[in-house]
K.L.:
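First the structure, which I've put down as structure tokens, then a few questions once you've had a look.
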Amino acid sequence: MGNILSPKNAIVVKLQSEIFNPGDESNQFIKQADGGGAAVTFTGLVRSLADNPIKKMTLEHYPALAQKQLENMAQTALERFGLIKVKVIHRYGAMYPNEPIVQVMSLSAHRQAAFDGANFIMDWLKTDAPFWKFEEGENGAEWVAAKTVDDNAKDKWK
Amino acid sequence: MGNILSPKNAIVVKLQSEIFNPGDESNQFIKQADGGGAAVTFTGLVRSLADNPIKKMTLEHYPALAQKQLENMAQTALERFGLIKVKVIHRYGAMYPNEPIVQVMSLSAHRQAAFDGANFIMDWLKTDAPFWKFEEGENGAEWVAAKTVDDNAKDKWK
Amino acid sequence: MKVLYFAWLRERLNRGEDEFDLPQNVTNVDELIDWISANDEAAELAFADKNLIRAAVDEQLVEHDFNIVGAKTVAFFPPMTGG
Amino acid sequence: MKVLYFAWLRERLNRGEDEFDLPQNVTNVDELIDWISANDEAAELAFADKNLIRAAVDEQLVEHDFNIVGAKTVAFFPPMTGG
């Protein structure tokens, strides 16, 4: 799929349980800008709201499918928006409030492509990457329900 | 303008000649997430292309108007997209290839608002913030011409 | 055929996977759900609302009418909530 | 009234600002451009294509028909290229 358009390292997808440093990852990503003038980073954090405090979140995943789906999404974004490179980091396992869960980074010659690339990947990731959130808080523990708004978010890329 | 909706520090606009560290700024920005689960960072870098290598770029600006315009854009984005906070850093003066020029950061409860907020600010900044790029390269020195595509980019927010 | 379960499906079934020899009349995802449910009370409850069941066949997301004849692995899970 | 020039306008005029006492018949941005151009050959060239001239009156971006009577500062500059 599209190997001609995507040189080595144009796409990196990393699944890991360890916490990562969002800023360090961004700096690493833009260090070799390769003529790209526009970088967009999306970082998703574990939320803990006042009316529903969370103590711990556990992300279950289906490793082989998750890797494959994220690579496909990154490749599609790279080609569709003419990006220079894309990196996706997604954690699994136990994490805690304010920790990063996911980071999507895109680099492009033009700003709109960089925005669209990261946005596109996040929209697809929400519904088509096999991760499931389990939250433990003061009000009990539960599997997070999927949102209809996430199903609809993909429609804008049709 | 909208003080009720924007608590102190919800908007920060910083004009500076010194270089900044994009990742450190992002980390600083998301450190106090205040219930926000979605952070978007746009970083604009000095581009130097193979067919038109740049040695140095100088950004002239109109300080008072630049500060005011960027604050207005940030405030408008905050209210329109219901963001938790926004920070804009824009450099002026001399800078060199691959250095950051501008960084726009948005934090929100929801990812689409975070994307839209940063994207909106960048689109307006391109045409309505008083900065002018002067590039010195191997092929000579010149003021960068404005692009029609930048004029049109704002239309999507109407 | 290996069958995997994730998230609350895994919890309700109290296991992460099964190994099945399927009868010849089980040819697609929907029929597999019915066949598993028929043999197992916990599965019958877990799979009761098919709208909440997503499936992957050999690491490809599929609809419930997808053919599974010859597949090595079928995975069942709730709607995804990553990101 | 203080008048500021930026970028290539500043370069072509060879100065960053002027201080003017305007005649009463100069009441908007467009008339100010014409008045400056009439008094100065470099300005006449620099302001020749009005489509390329942006203006701010007292730190507010305005169109060329904007009234400048009583304004403290008018700034002229090319289309912006920040970001």
Side-chain angles (χ1 to χ4, degrees), chain A residues 1 13 15 42-47 57-73 88-93 95 100-104 118-135 141-154, chain C residues 1-20 28-30 32-33 36-37 40 42-83:
Chain A
M1 177 174 165
V13 170
L15 302 180
F42 175 88
T43 311
L45 306 162
V46 180
R47 289 173 69 191
M57 189 170 87
T58 307
L59 261 164
E60 182 166 332
H61 78 312
Y62 178 2
L65 183 61
Q67 183 77 30
K68 188 181 149 189
Q69 290 291 90
L70 291 177
E71 283 175 5
N72 283 348
M73 291 168 198
V88 179
I89 306 167
H90 205 305
R91 290 174 68 199
Y92 56 84
M95 49 201 92
I101 307 166
V102 61
Q103 186 152 302
V104 173
N119 199 340
F120 174 94
I121 291 170
M122 279 308 302
D123 282 349
W124 279 93
L125 187 157
K126 281 278 172 182
T127 62
D128 284 39
F131 294 90
W132 301 275
K133 289 187 176 121
F134 185 74
E135 291 182 346
E142 59 179 4
W143 290 96
V144 172
K147 293 182 201 138
T148 313
V149 65
D150 286 331
D151 280 330
N152 298 338
K154 291 183 301 188
Chain C
M1 175 187 287
K2 185 182 271 189
V3 179
L4 307 176
Y5 311 104
F6 292 96
W8 52 252
L9 261 180
R10 175 183 53 70
E11 282 192 342
R12 293 186 195 173
L13 292 169
N14 208 24
R15 60 186 184 273
E17 57 180 274
D18 279 319
E19 188 77 43
F20 291 128
N28 69 21
V29 170
D30 194 61
L32 177 57
I33 292 174
I36 297 173
S37 300
D40 178 337
E44 194 184 349
L45 279 167
F47 283 108
D49 186 351
K50 285 186 183 173
N51 286 323
L52 292 180
I53 307 298
R54 301 285 179 274
V57 174
D58 291 337
E59 289 156 21
Q60 183 191 349
L61 287 184
V62 298
E63 302 292 331
H64 287 196
D65 61 358
F66 194 84
N67 191 298
I68 59 168
V69 175
K72 286 189 182 133
T73 306
V74 176
F76 290 111
F77 39 82
M80 292 158 266
T81 58

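Chain letters run A, B, ... following the sequence lines, proteins first and then strands; every chain starts at 1.
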K.L.:
CG of C/Asp18 to CD1 of C/Ile36: how many Å apart, nearest 0.5 Å?
P.N.:
6.5 Å
K.L.:
What distance do C/Leu9 atom CG and C/Leu4 atom CG have between them, rounded to the nearest 0.5 Å?
P.N.:
11.5 Å
K.L.:
At a 4.5 Å cut-off on heavy atoms, which part of C/Leu52 comes close to chain A: side chain, backbone, both, or neither?
P.N.:
neither
K.L.:
What residue among A/Arg91, A/His90, A/Gln69 forms side chain to side chain contact (heavy atoms under 4.5 Å, CB included) with A/Phe131?
P.N.:
A/His90
K.L.:
Any pair with a residue in residues 120-132 of chain A that passes side-chain hydrogen bond (donor to acceptor under 3.5 Å, both in side chains), sequence neighbours left out, goes on the list, sorted by first then second residue, please.
P.N.:
A/Asp123-A/Lys156, A/Asp123-A/Trp157, A/Asp123-B/Arg111, A/Thr127-A/Lys154, A/Asp128-A/Lys154
K.L.:
Heavy atom to heavy atom, less than 4.5 Å: which residues from residues 76-83 of chain C reach chain A?
P.N.:
C/Phe77, C/Pro78, C/Pro79, C/Met80, C/Thr81, C/Gly82, C/Gly83
K.L.:
Drop me the distance from C/Tyr5's OH to C/Asn14's CG, to the nearest 0.5 angstrom.
P.N.:
12.0 Å
K.L.:
By a 4.5 Å heavy-atom criterion (distance strictly below it), what part of A/Gln103 contacts chain C: side chain, backbone, both, or neither?
P.N.:
neither
K.L.:
With a 4.5 Å cut-off on side-chain heavy atoms, are A/Ile101 and A/Lys133 touching?
P.N.:
yes
K.L.:
How many angstroms lie between atom CZ of C/Phe6 and atom OH of A/Tyr62, to the nearest 0.5 angstrom?
P.N.:
5.5 Å
K.L.:
Does any heavy atom of chain A fall under 4.5 Å from the side chain of C/Ala56, the backbone, both, or neither of them?
P.N.:
side chain
K.L.:
Residues two or more places apart in sequence or in another chain: which of them pass side-chain contact (heavy atoms from CB on, under 4.5 Å) with A/Gln67?
P.N.:
A/Val13, A/Leu15, A/Glu71
K.L.:
Under 4.5 Å from any heavy atom of chain C, what part of A/Ala145 do you find: side chain, backbone, both or neither?
P.N.:
backbone
K.L.:
Return the NZ to NZ distance between C/Lys72 and C/Lys2, rounded to the nearest 0.5 Å.
P.N.:
11.5 Å
K.L.:
Quick check on the structure: residues of residues 60-71 of chain C within a heavy-atom distance below 4.5 Å of chain A, by number.
P.N.:
C/Gln60, C/Leu61
K.L.:
Minimum heavy-atom separation for C/Val57 to C/Val29, with atom names?
P.N.:
CG2-CG2, 4.0 Å
K.L.:
Give, for atom CD1 of A/Ile89 and atom CG of A/Leu70, the distance between the pair rounded to the nearest 0.5 Å.
P.N.:
11.5 Å
